[in-house]
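The chain is numbered in sequence order, starting from 1. Order of appearance sets the numbers: ligands from 1, and atoms from 1 within every ligand. We use all heavy atoms of the structure for the numbers below, so side chains are in, but hydrogens, waters and symmetry mates are not.
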Amino acid sequence: MADRSATAPGTAAATDDFLSIRSIDHLEFWVGNAKQAAFFYQHAFGLAVTAYAGLETGVRDRASYVLQQGKVRFVFSSPLGPEGFMAEQIRLHGDGVHDIALEVEDVDRAYKETTKRGARRVQEPTTVRDDQGEIRRASVGTYGDTVHSFIDRSKYRGAFLPGYRDTGSKAADGPLLYVDHVVGNVALGDMNKFVAYYRDVMGFAQFQHFDDKDISTEYSALMSKVMADGSGKVKFPINEPAPGKKKSQIDEYLEYYRGPGVQHIALATNDIINTVSRLRDSGIQFINVPPSYYEMLEGRVGRIQEDKGQLAKLGILVDRDEEGYLLQIFSKPAQDRPTVFYEVIERKGSRGFGKGNFKALFEAIEREQALRGNL
Ligand code: FE2
């Protein structure tokens with residue numbers, strides 16, 4: 001059992017919440033073909049294309065599509081030629097998350113305080129305007145080539161950001177509600193470095209931790225610590241591989257992403273059975289769970305409201321802790337490189353991350369890894 005003395009749920013309390021994060025503003029993915037990525041997220045995940053920037057809007061070097069469902073907002077960008085940093089990054093990492101952008105009250109203060117504490121400077125505070133108003137933005141680095149932008153959109157009424165054209169579509173209405181957490185994979189030995197980064201530079205506090213006894217199979221292990229902002233709403237778990245007999249899923253990620261980066265994005269729903277049914281019908285592939293998982297379910301989690309047969313049919317996992325329970329499911333990678341994937345999560349009181357599912361889940365992931373010749 002992990003030492004949970006300092007990390008029980010609900011103990012997260014940043015000493016100085018200088019960032020005052022309002023929410024995760026958006027995630028920007030840099031991808032090889034933003035037009036086709038947008039089509040996938042529109043038709044498979046059910047997000048609506050709400051804004052666009054590209055040649056038709058006067059942007060000469062890239063195309064960007066903004067997709068939304070509930071408060072989930074993703075941006076997919078592609079360069080229009082081989083020159084430049086974005087093209088280099090896509091060649092190196094493949095499709096992936098470049099920016100976990102945070103909406104804050106005071107961009108200048110967020111930039112000044114984080115860089116004073118050691119954050120890597122990416123973009124100085126800048127004001128961008130169009131006829132819909134203005135936004136203030138700045139960016140700092142986090143793990144690998146991933147960045148955090150700080151955005152103040154309080155003086156902007158346009159669809160997304162200045163320079164983007166409103167498509168006329170509103171955010172799709174459910175069943176995905178918001179980004180519950182965004183997980184980063186870092187190299188062996190680096191987890192505590194990034195835990196310290198979120199604590200000391202971003203003013204976050206540790207929410208939970210899991211060690212290799214919690215997250216291990218016969219072959220591999222990983223360790224994870226969850227960092228949360230002062231409000232407890234923005235949660236960034238950080239994983240690192242732990243030594244095992246074979247290559248862990250974190251090692252596989254690091255090899256194919258060519259470094260640290262975003263591993264998975266958890267999307268919250270109020271009705272996971274309906275959500276997962278719709279996602280499966282539209283072609284999203286999820287990790288398969290062995291039938292034995294459901295035979296042991298009731299003994300492990302006790303009574304739940306959902307029908308066990310339906311959960312088994314859809315492959316949804318359940319975990320319980322002292323505060324309640326949660327239901328969750330994990331997709332297969334969303335691109336050819338075995339890197340970024342998705343989680344759909346429904347919380348029924350639990351603020352955890354599904355610790356009781358780790359073993360069954362990671363054994364299932366390892367079966368997929370073996371099929372790729374990477375275990
Ligand atoms: Fe997760």
Review point. By atom name, which N, O or S atom of His181 is the nearest to the Fe ion (ligand 1)?
Key: NE2

Point to revise | Atom name, His264 (N, O or S, nearest to the Fe ion (ligand 1)) | key: NE2

**Study point:** Salt-bridge contact Asp319-Arg300 (side-chain N to carboxylate O under 4.0 Å)
**Key:**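 So Asp319 pairs with Arg300 through a salt bridge.
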
Review point. Any N/O/S atom, backbone or side chain, of Glu343 lying under 2.8 Å from the Fe ion (ligand 1)?
Key: yes

Exercise for review: Please lay out, stage by stage, how Phe236 and His148 fare under the test ring-ring contact (aromatic ring centres under 6.0 Å, His included).
Suggested key: CA-CA 12 Å; Phe236 296 148; His148 285 304; 5.3 Å; yes

Practice item. Is it possible for you to check whether Arg109 lies under 6.0 Å from the centre of the six-membered ring of Phe150, through NZ or CZ, and within 45° of that ring's axis? Key: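 No, Arg109 does not lie over the aromatic ring of Phe150.
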
Review point. Would you find more than 12 non-hydrogen atoms of other residues, nucleotides or ligands less than 6.0 Å from Asp173 atom CG?
Key: no

